[in-house]
Amino acid sequence: MTCSPTMADQYQFNTNEEKIVKDSHTKEIDLINRDPKQINEDVVKVDFEDVIAEPDGTHSLDGVWKLSYTTFTVSKYWCYRILSAVFGIPVALLWGFLFACISFCHIWAVVPCIKSCLIESQCIGRIYSLCIQTFCDPFFEALGKIFSSVRVALRKEV
C-alpha cells in the first residue's frame, strides 16, 4: 500500500516553504550589538576626550569643562538620532538600491564578460602555443645544437 501526499500535506509543505522564504527577508536583528562585524570600530567612535583636550598648564574652569563635556555628548547623541530618524530610511533605500544595482551588474554583466574573456584567451593561448611550438622550438633547438660544443673556461690571473 503506497501513501500519496494529500492536498493538506501539500498545502502544509507550501506554507512552510513560503515561511522560509519570508523569514530570510525578515531575519531577526540584534538591537544591542549593532556593529557585529565591527566595520565602524575605528572610524566613527569619537568621544569628547578624542576631540577636545586641555594640556597641563592650560585648564578652563571646572564648571566650563563639565558643561562642555555634557554639551558635546548630548548634542552628538541627539544630532545623530535626529539625522538618522530623518535620513536613515531614505539613505537605506538608496544604499539598498545601489547594492542591488551593483549585484545585478556583477551577476549579469561582469562575471559573464570575464568568463567570455577567459574562453577567448584560452583560444588565443592555444594558437600562440601552436605558433611557438611550430616556429620557435625548432629554431632554438638548432641554435642549441650549434652552440652545444662551445666551452667557456674562466681563469683568474693574479
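What you are looking at is a predicted structure, and each value in this text was computed from that prediction instead of being measured.
- Through direct or indirect side-chain contacts shorter than 4.5 Å among Ile, Leu, Val, Met, Phe, Trp and Tyr, F48 is connected to V46, V51, I52, W65, Y69, F72.
- With hydrogens and angles ignored, the 3.5 Å screen pairs a side-chain donor or acceptor of T70 with a backbone N or O of K66.
- Sorted by first and then second residue, the side chain to side chain donor-acceptor pair (under 3.5 Å) pairs involving residues 45-56 (not counting sequence neighbours) are E41-K45, E54-S60.
- Through chains of ILVMFWY side-chain contacts below 4.5 Å, V86 is grouped with I82, L83, F87, V91, W95, L98, F99, I102.
- Around the CD1 atom of I89, the shell of radius 6.0 Å holds no more than 12 heavy atoms that belong to other residues, nucleotides or ligands.
- Each side chain to side chain donor-acceptor pair (under 3.5 Å) pair with one or both residues in residues 98-127, not counting sequence neighbours, would appear here, but there are none.
- Considering only residues two or more places apart in sequence or on other chains, I114 meets the side chain to side chain contact (heavy atoms under 4.5 Å, CB included) condition with V110, L118.
- Residues V74, Y77 make up the rest of the hydrophobic cluster containing W78, defined by ILVMFWY side-chain heavy atoms closer than 4.5 Å, directly or through other members.
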Could you pull out all donor-acceptor pairs under 3.5 Å where a side-chain atom in residues 141-157 meets a protein atom, sequence neighbours excluded?
residue	atom	partner	partner atom	Å
S148	OG	K145	O	3.0

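- The residue from C136, S129, C131 that alone fulfils the side chain to side chain contact (heavy atoms under 4.5 Å, CB included) condition with Q133 is S129.
- Through direct or relayed side-chain contacts under 4.5 Å between Ile, Leu, Val, Met, Phe, Trp and Tyr, V64 connects to L61.
- Remark: C123 pairs with I127 by the side chain to side chain contact (heavy atoms under 4.5 Å, CB included) rule, at least two apart or across chains.
- With sequence neighbours left out, I39 forms a side chain to side chain contact (heavy atoms under 4.5 Å, CB included) with D35, K37.
- With sequence neighbours excluded, no residue forms a side chain to side chain contact (heavy atoms under 4.5 Å, CB included) with D62.
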